[in-house]
Amino acid sequence: MSFISIQGLTVAFDGTQVLHGIDLEIGRGEALGLVGESGCGKSVTWLAALGLLPGKARVGGSVKIDGEELIGASRTQVERVRGKRIAMIFQDPSSSLNPVHRVGRQIMESLTLHRGLKGQAAKAEAIRLMDLVGIPSAATRIDLYPHEFSGGQCQRVMIAMALAGEPDLLIADEPTTALDATIQAQILDLLSQIRAETGMAMVLISHDLGAVSAVCDRAAVMYAGRIVEMNDTAALFSAPRHPYTRGLFDAIPEIDGDRGRLKPIHGTVPDPRALPQGCAFAPRCGSADTRCHTRSPEPQAGREGGLLACFHPVAWAVPLMTSPQGIPA
Amino acid sequence: MPKFILAKLARAFLTIMMVMTFAFIVLRLSGDPAQVLLGPDAPLDAVIAFRERWGLNDPIWKQYLAYLTQIMRLDFGVSMRSQTPAINLVLERVPATLALTIPALILKLGIGIPAGVYAALHRGSLADRGVIMLSIFGFTIPSFVLGLVLVLIFAVSLTWLPSGGQDTYWHAVLPIITLSIGGIGILARFSRSAMIEVLGQPYIRTAMSKGLPWRDVVWKHALPNAAVPIVTLVGFMVGALIAGAVVVESIFAWPGVGRLIVISVANRDLAVVQALLLVIAASMVIANLLVDVAYGLLDPRLRSKRAAH
Amino acid sequence: MTALLLEARGLVQQYDTSRGLFGRATSVRAVDGVDLQVNRGEILGIVGESGSGKSTLGRMLLGLERPHDGQVLWQGQPLPAPYSAAWRSLRAQMQLIFQDPLAALDRRMTIADQIGEPFIIHGLAKGAEAMAKVAGLMARVGLRPDQAGRYPHELSGGQRQRVVIARALASSPRFIVCDEPVSALDVSIQAQVVNLLRDLQEQSDLTMVFISHDLKVVRNICDRVAVMYLGRIVEEGPSDVIFSDPRHPYTQALVSSIPKAGTGLSHRVILQGEPPNPAARPTGCAFHPRCGAADRACALEVPVLELNRGRLTACLKLRATGAQAA
């Protein structure tokens with residue numbers, strides 16, 4: 001049962017359309033991955049949904065949370081949803097915290113706003129949250145400033161702040177991209193642990209397919225402002241149908257097995273000001289024909305479940321990845 | 001006392017000493033005070049007696065040493081013209097100057113900063129463009145032109161306000177306006193860009209995404225960060241409180257520090273010019289120290305950098 | 001046939017942090033005693049997290065920074081002092097490619113002019129000959145001839161990195177240090193550039209040091225890998241060996257931190273604690289505060305690199321188990 005429903009969401013900056021109608025449903029407690037390369041619109045989707053885009057952005061379509069429309073809603077209406085129902089964390093944790101305020105104050109601000117906690121009660125709860133996200137000696141470090149924390153710990157503070165409103169959905173926008181490998185692992189671990197404990201839904205926006213597959217139940221692949229494929233993580237990762245999804249998987253070097261040449265996707269992501277006619281991926285696609293260059297494929301439910309926007313999907317039977325034991329991963 | 005304060009004070013002292021030394025040398029190279037004060041027709045023995053009396057015949061290093069020992073005793077010399085202590089001449093002029101510059105500073109802060117912040121918050125609007133245009137006008141027009149234009153309009157044509165002197169409060173109105181216009185323009189422009197920069201920072205997006213009402217985002221998250229660069233500029237303005245009105249005082253015949261500078265330099269009244277420079281340098285150095293303190297209060301990153309010292 | 005091209009002996013780099021007028025100067029060791037051999041025609045990977053000293057090491061290998069201690073030998077001869085005449089002439093043979101191509105390129109010059117610049121600097125070619133060579137280089141790195149007159153901002157990130165690579169190749173170098181060359185690129189473009197580097201290496205028998213935090217890319221392109229932690233090499237050996245069977249606890253954590261599609265988080269070694277900070281180096285083995293296997297000895301003794309199952313490791317616990325096994 002979905003409590004967030006996005007329908008036909010479009011975004012344009014200065015007359016250039018960057019989001020071409022996104023349809024997405026998110027169920028309670030579900031973890032959805034949004035995958036794609038830079039500029040594909042995966043972050044813009046959620047910034048638009050929460051009204052966080054700059055004023056010059058033109059947003060159309062519909063985003064409903066439990067039936068309540070957010071697009072075109074008044075500022076106070078949207079502000080009531082932000083942080084309380086939908087919280088967000090970002091790519092660069094160190095600059096996402098206000099440098100002139102103590103981290104405790106920044107967490108307590110959310111607690112006061114969303115749960116009416118003040119004074120000692122707010123402080124105690126902030127310390128509890130910092131403990132929860134794994135910041136050692138939280139009781140003393142609550143009075144420190146963001147620059148006194150490492151990048152990984154700033155992300156933990158951001159997560160604590162997001163949890164302060166007890167949201168139904170957490171949007172994690174590239175939460176580990178700016179962090180070192182071992183710290184990335186810690187943060188991903190923390191996010192899935194928190195999801196398991198609180199039962200909140202999560203959207204993980206990432207270009208890291210591995211991270212998405214490790215944390216999410218379902219994943220959507222975006223290209224040039226559209227969702228081109230969406231399915232359960234297991235199905236999507238074992239047998240991607242869209243040539244772009246398949247290309248993304250093939251382009252990633254493997255950590256075991258063959259060390260041969262990589263299989264890149266040829267060409268580059270199209271400029272949103274000059275999108276090709278038809279399917280935006282057609283110029284880079286090996287199986288594109290004249291139809292692909294003239295008509296844009298609509299997302300359709302696949303036989304195997306999920307959604308797919310392609311006239312010439314990759315054959316279903318091709319197994320993509322096998323683990324060393326020979327079991328499909 | 002924290003080490004960084006000691007270091008700052010040492011640097012401040014050095015700065016003042018350098019200004020004093022520079023002034024001392026330049027003044028002595030730029031003309032003979034005896035000739036200037038006594039006039040071109042003065043008898044030779046009068047000139048010689050004058051030079052003897054003020055020690056002007058000694059080699060310059062000897063004069064400099066004498067001057068230094070004098071200063072160490074907090075004795076800033078005597079005016080060659082009026083025979084009164086130079087520092088008294090300077091200090092008695094300070095209140096008159098501050099009577100212009102402090103109200104002007106209040107106007108600069110009170111109008112410039114809000115105008116800039118408002119423009120930044122309504123970027124691209126008609127008000128924003130208005131603020132940009134007026135601020136460019138403000139800081140490009142030279143104060144002597146502005147002063148004369150204001151006199152022509154309000155004193156000569158409309159005769160609403162006096163054109164010069166210090167007799168009533170009304171006399172201060174035109175000088176204060178002349179003094180403040182440029183600063184308002186600069187501050188508005190500067191506050192606008194500081195605010196726009198801050199509004200584009202990721203932590204502002206964070207503050208919005210946690211559901212804070214817009215006015216809290218602005219007041220609690222954007223303004224405290226935008227204040228850091230603005231304080232630098234305000235510091236300059238505070239530093240110029242004593243010395244910043246030379247032109248305007250001349251236009252409006254206002255008997256302040258600025259007028260004294262012009263007169264004493266013209267007369268080669270060495271002790272007075274030196275005392276003036278000392279007071280001006282000290283006021284700027286103090287303003288700088290205040291800016292440093294303000295930085296520490298506003299930005300914890302700078303505070304902890306110092307704690308590491 | 002392995003012939004030594006470049007050798008680092010006991011390299012140390014430390015930076016003094018100035019503490020103002022009355023403060024005491026302290027020093028931070030970025031690289032703390034690195035021995036490394038680079039063989040002709042191989043691609044050597046250097047991996048590590050921020051603060052591991054991998055970029056500093058790369059710059060010292062090129063002679064761009066003078067080491068605080070130790071030396072770099074190029075074909076058996078010590079590297080000349082940075083910015084000396086001898087160093088300049090050697091520079092044609094040694095090049096650096098780093099992460100941000102936009103910062104490496106001049107915004108006001110066309111890409112053809114920038115690719116041809118080394119010809120002029122090193123007096124290698126001019127006029128029509130230089131233009132022909134530029135066209136040849138552009139073709140080699142996969143740039144179209146019609147892009148010659150473009151400016152850097154008119155190209156995509158991947159294309160800019162190709163320009164940087166073409167310029168590095170202009171002086172026919174024998175040795176290239178690539179510092180995070182594909183980290184800023186999208187996955188699909190990253191693969192294009194990695195393949196390009198592999199092809200170039202094969203075609204002209206280049207020797208490369210490939211610095212990256214991306215283990216998958218390093219494994220794909222590098223013959224040999226050195227893993228760094230807080231300025232020291234903790235494990236070094238052939239890529240296949242290191243990634244299929246990491247022995248050092250830090251390498252094990254690094255390898256297991258790579259999310260694998262479809263496997264969830266359960267199998268992973270999650271390291272506790274903070275990333276390494278060169279300003280606060282732990283005693284003994286620098287990794288011991290985050291290491292699951294560490295004991296008291298690890299806090300006291302600094303482990304040295306020694307041979308262990310076909311690779312070098314610096315770990316007291318491995319030495320102990322190795323001795324038992326033997």
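Numbered from 1 within each chain, the chains take letters A, B, ... in sequence-line order. Note that the coordinates shown come from a computational prediction; the quantities given were computed from them, not determined experimentally.
- In this structure a side-chain-to-backbone donor-acceptor pair under 3.5 Å is present from C:R219 to A:E254.
- Annotation for A:G267 and C:I189: closest pair O-CD1, 3.5 Å, computed over non-hydrogen atoms.
- What you find for C:V187 and A:E37 is that their closest heavy atoms are N-OE2, 3.8 Å.
- Atom CG in C:L271 sits 11.5 Å away from atom CG in A:D189 (nearest 0.5 Å).
- Contacts between residues 196-203 of chain A and chain C, counted as heavy-atom pairs separated by less than 4.5 Å, involve no residue at all.
- For the residue pair C:S188 and A:P264, the shortest heavy atom distance occurs at O-CB, 3.6 Å.
- Taken from CD1 in A:I252 to CG in C:N220, the straight-line distance is 12.0 Å, to the nearest 0.5 Å.
- Between C:V194 and A:P253 the shortest side-chain heavy-atom distance does not fall below 4.5 Å.
- Across C:V218, C:I221, C:D240, the residue that shares the most heavy-atom pairs under 4.5 angstrom with chain A is C:D240.
- Scanning all heavy atoms of the two residues, the minimum distance from A:I255 to C:I258 falls at CD1-CD1, 3.4 Å.
- Contacts with chain A were tallied for C:G51, C:A253, C:S50; C:S50 has the most, counting heavy-atom pairs under 4.5 Å.
- Most heavy-atom pairs under 4.5 Å with chain C: of the set A:L262, A:D258, A:D208, A:D271, this distinction falls to A:L262.
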- Test C:E49 against A:L179 for side-chain contact (heavy atoms from CB on, under 4.5 Å), laying out the working first. CA-CA 9 Å; C:E49 295 174 275; A:L179 306 174; over 6 Å; no
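- In terms of heavy-atom pairs under 4.5 Å with chain A, the best-connected choice from C:Q190, C:H213, C:Q192 is C:Q192.
- Between C:A191 and A:A251, the shortest heavy-atom contact is CB-O, 3.6 Å.
- Of the two parts of A:Q184, neither the backbone nor the side chain holds a non-hydrogen atom closer than 4.5 Å to a non-hydrogen atom of chain C.
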